[in-house]
There are 2 protein chains.
Amino acid sequence: MAVERQFELGDAELEVLKALWDAGPATVRQVLAWLHHRGRRVAYTTVLTVLTRLEQKGFVTSDKSGLAYVYRAAVTRERVTRKRVKALMQQLFDGAAAPLVLQLIQNERFTKGEIQELAKLIEDLDAARRGRRT
Amino acid sequence: MAVERQFELGDAELEVLKALWDAGPATVRQVLAWLHHRGRRVAYTTVLTVLTRLEQKGFVTSDKSGLAYVYRAAVTRERVTRKRVKALMQQLFDGAAAPLVLQLIQNERFTKGEIQELAKLIEDLDAARRGRRT
DNA sequence: GACACTCTCCGACAACTGTAGTAGGATGCC
DNA sequence: GGCATCCTACTACAGTTGTCGGAGAGTGTC
């Protein structure tokens, strides 16, 4: 690879994006504060660099309204999340979702509420399937 | 980052590991054939390099029984898979499994059999939870 | 105007990963 | 013995990502 791929997100980049998702549009300094708050000890310029790269990749936009540039996420958390999950499914299970779900259900713990919610969703799925007579 | 992390698997590395999982212990040439079969056009020496790195990282072992070294996976597919999924959960959902499962169920399609299997697993989970009086 | 701050820009560097060429040893065939 | 073939070791290089430092511009304060 190394050629062709073009834009994916590394850990640091994702972390910065999260700051924008959680805190809304923010300046470099605000993102830095958010990261420090989360225990990520990085320098101001590091955040700046990451934001710049994210902008190059199209994940954020910026505009200078006051003294400093304000950065804003240009992609939704849902979109990025879905894409990542898809990629993982592709990589590990040749794109199939079921094995992943099965693994999660068997290996992870869920609260009562979560289990109920899952049960309900599954039931809905089943009902929909029947409804479509598939 | 760049420092500290030490060993994770890239796409190419994972693909090579898959070859060993699927086809069992194999020589460089056999892995190469497997990759070509899967449409991955890489050179012999590339495979050799990747296998060498995987060995350095402890993911495979090798032994020279005949003319060429035979490489063998030193980690199970399950172990690697679980670790990757955990990492994704950590990265995207702060370690929580439920949001990931919910997203999968809502966004992906499942066959009748899969839905039934899921329903059964959820039911078991629920029963176990009740059994524990938790 | 000088000093202190705060920003952005540019350049840099190291680790990791993907990819591969070249050299040289081993083996087998004529 | 010479030549083709196969294998490993070593080296290399580019792209990506994480991480910063220093230079220089803008702004506010005495």
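We name chains A, B, ... by the order of the sequence lines, and we start the count at 1 in each one. Bear in mind the structure is a predicted one, so any value in this text is a computation, not a measurement.
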Contact under 4.0 Å: [X] side-chain N or O vs [N] OP1/OP2:
X: Lys57(B); N: dT17(C); result: yes
X: Arg53(B); N: dT17(C); result: no
X: Arg41(B); N: dT19(C); result: no
X: Thr46(A); N: dC20(D); result: yes

Which nucleotide in the list [options] gets nearest to the side chain of [X]?
X: Ala68(B); options: dG21(C), dT19(C), dT8(D); value: dT8(D)
X: Val50(A); options: dA20(C), dT19(D), dA12(D); value: dT19(D)
X: Val42(B); options: dT17(C), dT8(D), dA20(C); value: dA20(C)
X: Ala43(A); options: dA12(D), dC20(D), dA9(D); value: dC20(D)
X: Leu48(B); options: dT17(C), dC7(C), dA9(D); value: dA9(D)

Problem - Path from Trp21(B) to Phe93(A) over hydrophobic side-chain contacts below 4.5 Å - result: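 In one cluster with Trp21(B): Phe93(A), yes.
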Would you classify [X] as touching base, sugar-phosphate or nothing, given that sugar-phosphate means primed atoms plus P, OP1 and OP2, and contacts are heavy atoms under 4.0 Å?
X: Thr52(B); answer: nothing
X: Tyr44(B); answer: base
X: Leu67(B); answer: sugar-phosphate

Handout entry: Distance-only donor-acceptor test (3.5 Å): side chain Thr27(A), base dC7(C)
Key =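 No.
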Handout entry: Between dA25(D) (P) and Lys64(A) (NZ): distance, integer Å
Key =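 Going from NZ in Lys64(A) over to P in dA25(D) covers 13 Å.
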Handout entry: Pair Glu78(A) + Lys83(A): basic N to acidic O under 4.0 Å
Key =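 Here Glu78(A) does not pair with Lys83(A) in a salt bridge, since their nearest N and O are not under 4.0 Å apart.
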Exercise for the section: Indicate yes or no: does Arg40(A) engage Asp11(A) in a salt bridge with an N to O separation below 4.0 Å. Expected result: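 No, this pair does not count.
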Problem - Neighbour count >12 (heavy atoms, 6.0 Å) for atom CD, Glu123(A) - result: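 Counting neighbours around CD of Glu123(A), 12 or fewer heavy atoms of other residues, nucleotides or ligands fall under 6.0 Å, so no.
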